[in-house]
**Q** 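Before I ask anything, here is the structure I am working with.
We name chains A, B, ... by the order of the sequence lines, and we start the count at 1 in each one. We use all heavy atoms of the structure for the numbers below, so side chains are in, but hydrogens, waters and symmetry mates are not.
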There are 2 protein chains.
Amino acid sequence: MSQGSTARAVGEHLSEWITEGRLAPGDKVSETSVASQLEVSRNTVREAFRLLAHDGLLVHEFNRGVFVPQVTSADVRDVYRLRLIIEPGVVRALTARDTHRLGTLEAAVAEARTAARRRDWPRVGTANMHFHRSLVALAGSPRLDVMMRRLTAELRLLFAVIDDPRYLYQPFVKRNKELLALMTKGRFEEGADYLESYLGDSEGAILAAFEERERTA
Amino acid sequence: MSQGSTARAVGEHLSEWITEGRLAPGDKVSETSVASQLEVSRNTVREAFRLLAHDGLLVHEFNRGVFVPQVTSADVRDVYRLRLIIEPGVVRALTARDTHRLGTLEAAVAEARTAARRRDWPRVGTANMHFHRSLVALAGSPRLDVMMRRLTAELRLLFAVIDDPRYLYQPFVKRNKELLALMTKGRFEEGADYLESYLGDSEGAILAAFEERERTA
DNA sequence: GCATATTTGTCCGTATGTATA
DNA sequence: CTATACATACGGACAAATATG
């Protein structure tokens with residue numbers, strides 16, 4: 001309606017429903033129900049489904065419909081394996097003249113700070129995504145950007161499983177800030193090492209939550 | 001109809017048209033023309049467009065339609081940058097017990113050999129794609145597999161620009177075979193180094209063709 | 001295992017808005 | 001600036017596949 005396609009708008013809605021837990025992992029997402037709730041045609045809903053399936057936020061099973069992915073600890077490991085390859089690699093490849101291109105990272109850090117002050121943890125999570133996407137964008141590779149967009153989208157899916165988001169999101173604020181400080185000083189090698197251990201900790205925390213959940217279930 | 005969706009079948013057709021040059025880079029791909037030529041509905045064509053756009057074989061511009069990507073030397077560099085990160089990394093991470101899991105690679109090498117004997121260069125190209133996809137599959141990462149599928153699809157797009165495919169495809173046959181030999185012996189570090197230089201040469205050859213083309217155009 | 005109801009996959013016709021000649 | 005072409009979106013329809021009782 002306003003700007004962009006309605007299919008994209010429907011996609012945004014669905015994306016929120018997923019990250020807010022209104023749509024739980026494993027849930028079936030019916031074409032007709034979404035179409036009637038958002039008052040759009042079924043065709044448009046199908047278009048939105050494709051967009052989200054593209055980012056891994058929905059899975060499409062032929063003749064059965066679309067579902068919210070049932071993420072497991074294996075997915076956590078896979079996502080973090082790729083993050084550990086990509087993100088420190090990008091930081092390590094930076095040089096002194098990149099210290100002037102960190103504006104978007106600063107913005108993301110500021111966004112996270114104000115959100116944390118307001119105890120708005122979902123927004124802290126969004127800011128964290130912005131930070132890491134901006135970080136990867138420094139590499140200047142369009143294809144890497146697409147891949148990182150996918151990964152951060154799936155990250156939201158993983159975080160959505162966690163009951164208490166604060167416990168996971170809060171550490172990000174400080175650590176992103178510290179990583180940025182290292183990078184501003186041009187200490188990229190140190191930054192990459194810092195990022196590696198930071199990602200390792202993050203993976204460990206999420207993994208623990210998942211394995212606990214998988215044990216009880 | 002037969003197996004899978006008709007949208008997928010339409011996607012296969014379009015994919016062939018692109019790699020065969022029937023659809024040239026920069027061409028607009030009209031919904032209605034494809035729908036009438038393949039005798040399917042516009043709706044189905046739109047679904048197929050999304051599928052191919054997902055793999056980078058088509059680009060979608062809002063309110064303007066879909067186009068065959070206008071690939072440039074910058075795209076060559078970007079694709080190879082990612083290949084150089086991913087593929088040698090996978091090989092380096094392998095261990096002795098992976099030497100028994102190289103069956104798909106052997107099959108791809110054999111496929112390339114027989115195709116080369118028949119001077120069927122497009123088929124050699126396909127076999128080469130299979131080889132590198134199988135290689136990355138050894139890492140056991142579903143998300144890396146998806147990414148590699150995208151990259152190889154785009155690779156076909158790059159190769160489609162080259163006039164004489166034999167010149168580019170022929171070296172692959174021998175080099176894939178030699179890489180496989182190293183891997184079979186468990187010499188993964190050497191294999192990774194070999195792959196790096198091999199990819200570097202490949203990039204250089206394609207890049208030269210692109211820069212020549214961009215100079216004349 | 002069967003009959004039924006639901007839902008998806010596909011198609012068509014039409015209206016509206018956007019881009020471009 | 002107007003006119004044309006085309007993409008976006010709608011709503012209804014039907015067959016086929018799936019899920020349900």
**Q** Do the side chains of B:D145 and B:R133 get close enough for a salt bridge, i.e. N-O under 4.0 angstrom?
**A**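 No, this pair does not count.
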**Q** Quick one: salt bridge (charged side-chain N to carboxylate O under 4.0 Å, His left out) pairs with a partner in residues 104-125 of chain B, sequence neighbours left out?
**A**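 Every candidate salt bridge (charged side-chain N to carboxylate O under 4.0 Å, His left out) pair involving residues 104-125 of chain B fails, so no pair, neighbours aside, qualifies.
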**Q** Can you run down the salt bridge (charged side-chain N to carboxylate O under 4.0 Å, His left out) pairs that involve residues 11-26 of chain A, sequence neighbours left out, and say none if there aren't any?
**A**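 Residue pairs with at least one partner in residues 11-26 of chain A: there are none.
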**Q** Under 3.5 Å, is there a donor-acceptor pair linking the side chains of B:E214 and B:T72?
**A**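 There is no such pair between these side chains.
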**Q** Do any N or O atoms of the protein come closer than 3.5 Å to N or O atoms of nucleotides 13-15 of chain C, and which pairs are they?
**A**
{"from": "C:dT14", "atom 1": "O4", "to": "B:R42", "atom 2": "NH2", "distance (Å)": "3.0"}

**Q** Show which side-chain atoms of residues 83-90 of chain B pair as donor or acceptor with protein atoms under 3.5 Å away, not counting sequence neighbours.
**A**
{"from": "B:R83", "atom 1": "NE", "to": "B:E87", "atom 2": "OE2", "distance (Å)": "2.6"}
{"from": "B:R83", "atom 1": "NH2", "to": "B:E87", "atom 2": "OE2", "distance (Å)": "3.0"}
{"from": "B:R83", "atom 1": "NH2", "to": "B:H132", "atom 2": "ND1", "distance (Å)": "3.2"}
{"from": "B:E87", "atom 1": "OE1", "to": "B:H132", "atom 2": "ND1", "distance (Å)": "2.6"}

**Q** I'd like to know if the side chain of A:K28 reaches the main chain of A:R64, judged simply by a donor and an acceptor atom lying under 3.5 Å from each other, with no hydrogens or angles considered.
**A**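 Such a contact is found between A:K28 side chain and A:R64 backbone.
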**Q** Sequence neighbours excluded, which residues qualify as salt bridge (charged side-chain N to carboxylate O under 4.0 Å, His left out) partners of B:D78?
**A**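 For B:D78 the salt bridge (charged side-chain N to carboxylate O under 4.0 Å, His left out) partners, ignoring immediate neighbours, are A:R143, B:R81.
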**Q** Figure out the CD/C1' separation between B:E39 and C:dT10, and round it to whole Å.
**A**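 In whole Å, C:dT10 C1' lies 15 Å from B:E39 CD.
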**Q** Polar pairs (N or O, both sides) under 3.5 Å between protein and nucleotides 1-7 of chain D?
**A**
{"from": "D:dA7", "atom 1": "OP1", "to": "B:K28", "atom 2": "NZ", "distance (Å)": "3.0"}

**Q** Taking CD from A:E47 and P from C:dG9, how many angstroms apart are they, rounded to a whole number?
**A**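 Distance, rounded to whole Å: 14 Å.
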**Q** Less than 6.0 angstrom from the centroid, inside 45 degrees of the normal: does A:R213 satisfy that with respect to the ring of A:F210?
**A**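 The answer is yes, since A:R213 meets both limits relative to A:F210.
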